[in-house]
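Inspection log for the structure reproduced underneath, given as structure tokens.
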Amino acid sequence: MPNFTYKARDMAGNLTSGVTFAETEAALRDQLRDSRLYLVQYRKTADAGEKGRRGLGRAKKVKLTDLVVMCRQLATLVRAGLPIIETLATLRAQVEHKTLSEALGQIQADVMSGSPLAAAMAKHPTVFNKLCVALVAAGEAGGLLDKTLDIMADMLDKEATIQQQVKAAMAYPKLVVVACIGVIIFMLVFIVPVFGKVYTQFNAQLPPVTQLLVVMSDFFTKYWWMAIALAFGLRKAFQAFRKTKTGTRWFDTIALKVPILGDVMRKISIQRFAQTFAGSTRSGIPILNALAICADTSGNVIIHEAVMKVATQVSEGAPLAPSLDETGQFPPMVTRMIAAGEKSGNLDEMLDEIATFYGRDVDYAITKMTKLIEPLMTMLVGGIVLFVLMALYMPVFNLGQVMKK
């Protein structure tokens, strides 16, 4: 059904505007007339459902910041008492992200057909994850949709902050690695061939390391297209392996065991667990469903399996805190605070305390890791460049005897 952005006047002649849906222009006029409004101007947009179905196949990923803004706007409109269909139409008219706008259009069409909002959102897992759907479902069931939407916005905002911190921490190492690769390629293409020609003229006996550099230089200069194809193929193979169960488990296990980085990744996973669990329990989501959501949002398959094991034990009647402690993935402070929250009946408050503590700890750990990475990466680049220069200049020391012969 089409959307209409309209301007109308009331009985006193005051101008008002809004967004609504109707089959035709005549239906729009009748709808406004029932509200004692008289149409002045309107603009028709494409069918919400069809436009969403056409565009979602080539959808771009929706950023968490866009979802945060949408959730806060949706909570404000719901709190103001607007009907959910009109709320979705208003949101869709002002959302700038194309993919999110198309998803909202399709959700609007589904809700008009009688579907609950949570069920309509569940059809778009690339836009709304399980946590979002569960919170909306809990809000609909308890009549607290505006509050659960505020909770969802806060949680997504915190998750966006975590992602930005991780990206900022990894930006410098990535830049240094790219620069290092660029320096090596430059030396192999422009510097090594010059030395190679000089050594060839004197028939000098080259050390094995220098011979390796010369061979690599010849390969890059003569078969550069093959080098690019090989690098592209290795990258694709790496990505494909990373997406497999074996690859995911291997990388996530290594990520938790690597010095410095592993400590940061574990703290990030615990922070996500605590803030997701707190928001879920506060919204009235059953504890087993909340644990399943926490497992999906942990970001690490090892933590995911640990949380799902805890969910199984809790479903059999085991207490939450001891079950978390048995996994060996959660520090004693976390399990003891959760145990205290279980006994006192304020589990969500304890989880908030854990999330806040680990949020600060993650900030400190990332800052510390960044400061440690900078000199390490500088030493790495310097070592590689030194190795190449030593390999090039080693034959020079024997060149005098070669010239005499």
Side-chain angles (χ1 to χ4, degrees), residues 67 71 75 116-119 121-122 125 128-159 162 252 256 266-359 362:
L67 285 177
C71 289
L117 178 59
M121 292 173 64
F128 304 102
N129 58 26
K130 292 182 179 180
L131 173 62
C132 296
V133 175
L135 287 174
V136 171
E140 286 184 300
L144 302 171
L145 183 58
D146 56 336
K147 294 184 179 180
T148 55
L149 286 169
D150 282 333
I151 292 172
M152 183 166 68
D154 291 338
M155 294 175 65
L156 292 175
D157 197 11
K158 292 176 182 177
E159 179 63 22
I162 294 174
D252 286 355
L256 293 177
R266 186 178 297 279
K267 289 176 180 178
I268 290 174
S269 295
I270 293 173
Q271 183 189 5
R272 280 175 175 164
F273 169 83
Q275 71 182 23
T276 303
F277 202 10
S280 301
T281 53
R282 188 177 293 111
S283 301
I285 297 175
I287 188 170
L288 294 180
N289 293 346
L291 286 171
I293 294 169
C294 292
D296 290 333
T297 58
S298 63
N300 186 286
V301 69
I302 306 301
I303 303 297
H304 177 278
E305 292 176 354
V307 175
M308 291 307 296
K309 182 179 179 181
V310 170
T312 302
Q313 293 176 346
V314 170
S315 67
E316 296 172 353
L320 176 61
S323 300
L324 287 170
D325 193 32
E326 288 177 7
T327 63
Q329 300 297 333
F330 295 88
M333 188 194 80
V334 174
T335 57
R336 289 172 184 172
M337 289 184 69
I338 290 176
E342 283 186 293
K343 292 179 181 178
S344 61
N346 60 346
L347 180 60
D348 55 342
E349 295 180 7
M350 284 296 182
L351 289 167
D352 279 333
E353 289 291 333
I354 294 171
T356 301
F357 172 81
Y358 274 94
V362 166

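- Shortest non-hydrogen contact noted between I354 and A274 is CG2-CB, 3.7 Å.
- Here CD1 of I303 is found 6.5 Å from CD1 of I270. Values are rounded to the nearest 0.5 Å.
- With contacts defined as side-chain heavy-atom distances shorter than 4.5 Å, the pair M152/V136 qualifies.
- To the nearest 0.5 Å, atom OG1 of residue T281 and atom CE of residue M350 are 13.0 Å apart.
- Within 6.0 Å of the NZ atom in K147, the count of heavy atoms belonging to other residues, nucleotides or ligands does not exceed 12.
- Atom CG of L320 sits about 6.0 Å away from atom CG of L291, to the nearest 0.5 Å.
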Applying side chain to side chain contact (heavy atoms under 4.5 Å, CB included) to H304 and D252, what does each step give before you reach the verdict? CA-CA 11 Å; H304 177 278; D252 286 355; over 6 Å; no
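- Across L288 and A311, no two heavy atoms sit closer than the pair CD2-O, 3.4 Å.
- Nearest heavy-atom pair across A306 and T327 is O-CG2, 3.7 Å.
- Taken from CZ in F357 to CE in M337, the straight-line distance is 9.0 Å, to the nearest 0.5 Å.
- The minimum heavy-atom distance linking S323 with V310 is given by the pair O-CG2, 3.6 Å.
- How far CZ of F277 is from CD1 of I287: 4.0 Å, rounded to the nearest 0.5 Å.
- A donor-acceptor contact shorter than 3.5 Å is absent between the side chain of T276 and the backbone of F273.
- Listed for the E342 side chain is a donor-acceptor partner under 3.5 Å among the backbone atoms of A321.
- Between A75 and D146, the closest heavy-atom pair is CB-O, 3.6 Å.
- The two atoms that bring F330 and V334 nearest to each other are CD2-CG1, 4.3 Å, heavy atoms only.
- A distance of 9.5 Å separates CG in D150 from CG in L145, rounded to the nearest 0.5 Å.
- Panel note: side chain D325, backbone T335; no donor-acceptor pair is recorded below 3.5 Å.
- No side-chain donor-acceptor contact under 3.5 Å links E140 to the backbone of P116.
- A side chain to side chain contact (heavy atoms under 4.5 Å, CB included) with Y358 is found for one member of R272, Q275, K267, R266 and no other, namely K267.
- For the pair Q329 and L256, the minimum side-chain heavy-atom distance is below 4.5 Å.
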Hey, mind stepping through C132 and L156 against side chain to side chain contact (heavy atoms under 4.5 Å, CB included) and telling me if it holds? CA-CA 9 Å; C132 296; L156 292 175; 4.2 Å; yes
